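Notes for the one structure printed next.
Just so you know, these numbers use all the heavy atoms, side chains as well, and skip hydrogens, waters and symmetry mates. Just follow the structure's listing: the first ligand is 1, and inside any ligand the first atom is 1. This one's a predicted model, so the numbers in the text were calculated from it and none came from an experiment.
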Amino acid sequence: MAVQYSQLANPNISTLKPYQPGKSKESLNREFGIEHIIKLASNENPLGASKKAIAAAKQTLDNIADYPDGSGYLLKTALSKKHQVDTNQITLGNGSDNLLAMICQAFLHPGEKAIIPQYAFATFGIVTLANHGIPQIVPAQHWSADLDSILAAIDDETKLIFLANPNNPTGTWISHEKLQQFLRKLPENVLFVLDEAYNDYIRDPNFPDSQALLEEFPNLIVVRTFSKIYGLASLRVGYAISNPEITDLLNRIRLPFNVSSPALAAAKAALEDQEHIQASFQLNQDGMKFFENELKRLNLEFIPSVANFITFDTQQDAVEVFQQLLKQGIIVRPLVPYKMPTHLRITIGLHEQNIKLIDALSSILK
Ligand SMILES: *Cc1c(COP(=O)(O)O)cnc(C)c1O
């Protein structure tokens with residue numbers, strides 16, 4: 001070939017390492033022929049989706065020849081009630097990763113920087129590079145984003161700051177007070193992207209009230225997803241909340257039908273199913289306590305987490321442990337892409353799944 005297409009590409013793409021998703025049940029089944037697989041690798045809701053959400057999605061199937069409502073009117077109206085914001089502050093995304101990409105696309109000029117805490121969610125770096133930006137990694141402290149170092153890292157090229165709160169894969173979090181103090185020091189021309197994928201698992205009064213922060217800080221963009229507690233990961237729905245001017249910009253580049261009709265309908269129904277949300281919350285609380293106790297019992301150091309997963313140190317090559325678990329039909333998440341080679345991340349599952357995982361772990365590690 002005369003033309004090297006890699007030379008034609010956005011130069012950032014040569015350094016971009018694609019996102020490594022959790023191993024799927026299908027691929028484990030293909031490789032090992034295992035039938036009964038427990039997947040605790042991608043922070044999905046172990047109870048699945050709300051029955052009401054599934055029913056709502058099914059209802060739309062008779063009309064899938066029609067384009068979805070590109071304005072997402074009904075879902076946005078429901079979200080505006082939930083968050084006490086105007087619908088002109090909401091942008092819908094095909095998953096929240098779609099919104100993270102849109103934010104970069106709308107705001108990053110070539111060569112501008114996005115500050116990303118060490119150990120932060122991998123997608124932040126990918127969307128930055130894919131949109132001609134430069135990821136600037138700021139070292140963490142005790143596995144958590146270090147807000148003072150982030151402030152110190154800001155310069156004239158800084159356009160965006162990403163923070164997942166709580167963070168994935170560490171489960172660490174920043175309090176309302178700390179975040180507010182930080183945002184007060186942040187220049188208004190630097191946009192702060194607060195990814196609250198796990199927010200519904202936390203009811204600690206010191207956890208940030210992002211609604212209040214949105215009122216105070218026009219440069220704040222809050223991103224939420226239906227992939228976690230709402231159990232709709234495969235339908236791909238997320239949303240951003242921001243000031244109306246930013247929202248308008250995001251909606252200019254949002255592709256017209258980025259959220260499908262089944263996804264719109266299921267998300268709206270999922271929001272309304274408080275019982276399912278409560279059951280999912282409680283299951284997670286109980287499962288988290290179980291894992292904390294069991295990991296302590298096994299003398300495995302873990303990073304205290306408020307999300308629906310917990311990351312612990314296997315004190316050996318974690319990929320080895322991961323593979324041993326695979327042979328027993330259990331999928332967890334090694335964290336090599338995060339340069340945490342001895343850690344594994346496990347999603348809190350159903351009680352019986354949690355027990356099987358701990359039993360398998362203790363037999364492998366002894
Ligand atoms: C899981 C997760 C998301 C959700 O991504 P979707 O694209 O909405 O499925 C976003 N941010 C973080 C930090 C996550 O862990």
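In this structure, the separation between CG on Leu129 and CD1 on Ile134 is 9.0 Å, given to the nearest 0.5 Å. Note that NZ of Lys228 and OG of Ser96 are 6.5 Å apart. Values are rounded to the nearest 0.5 Å.
For the residue pair Asp97 / Thr123, no side-chain donor-acceptor distance below 3.5 Å is found, with atom types taken as modelled. A donor-acceptor contact under 3.5 angstrom links the side chains of Thr342 and Asp313, judged on distance only. Neither side chain, Asn206 nor Ser175, offers a donor N or O lying under 3.5 Å from an acceptor on the other.
Of all the heavy atoms of Asp97, the ones lying under 4.0 Å from any atom of ligand 1 are found in both the backbone and the side chain. Contact annotation for Tyr198 and ligand 1: only side-chain heavy atoms (C-beta onward) come within less than 4.0 Å of the ligand. Using a 4.0 Å cut-off between heavy atoms, Ser96 contacts ligand 1 through both its backbone and its side chain.
At a threshold of 4.0 Å, the pair Asp86-Lys81 does not count as salt-bridged, since none of the basic side-chain nitrogens sits closer than that to a carboxylate oxygen.
The atoms of ligand 1 that sit less than 4.0 Å from any heavy atom of Gly95 are 7 (O), 8 (O). Using a 4.0 Å cut-off to heavy atoms of Ser227, the atoms of ligand 1 that qualify are 6 (P), 8 (O), 9 (O). Atoms of ligand 1 found under 4.0 Å from any heavy atom of Asn168 (numbered from 1 in listed order, with element): 13 (C), 14 (C), 15 (O). Under a 4.0 Å criterion applied to the non-hydrogen atoms of Ala197, ligand 1 contributes the atoms 2 (C), 3 (C), 10 (C), 11 (N), 12 (C), 14 (C).
Taking only nitrogen or oxygen atoms, main chain and side chain alike, Asn43 does not reach within less than 3.5 Å of ligand 1.
The closest protein non-hydrogen atom to atom 11 (N) of ligand 1 is Asp195 OD2, 2.6 Å. Among protein heavy atoms, atom 7 (O) of ligand 1 sits closest to Arg236 NH2, 2.6 Å.
With atom 2 (C) of ligand 1 as the reference point, the heavy atom nearest to it among Glu196, Glu44, Lys228, Arg224 is part of Lys228.
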(Q) Asn258 vs Asn98, test: side-chain hydrogen bond (donor to acceptor under 3.5 Å, both in side chains). Steps then yes/no. (A) CA-CA 9 Å; Asn258 65 331; Asn98 179 214; 3.1 Å; yes
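In Tyr19, the OH atom is crowded: over 12 heavy atoms of neighbouring residues, nucleotides or ligands sit closer than 6.0 Å.
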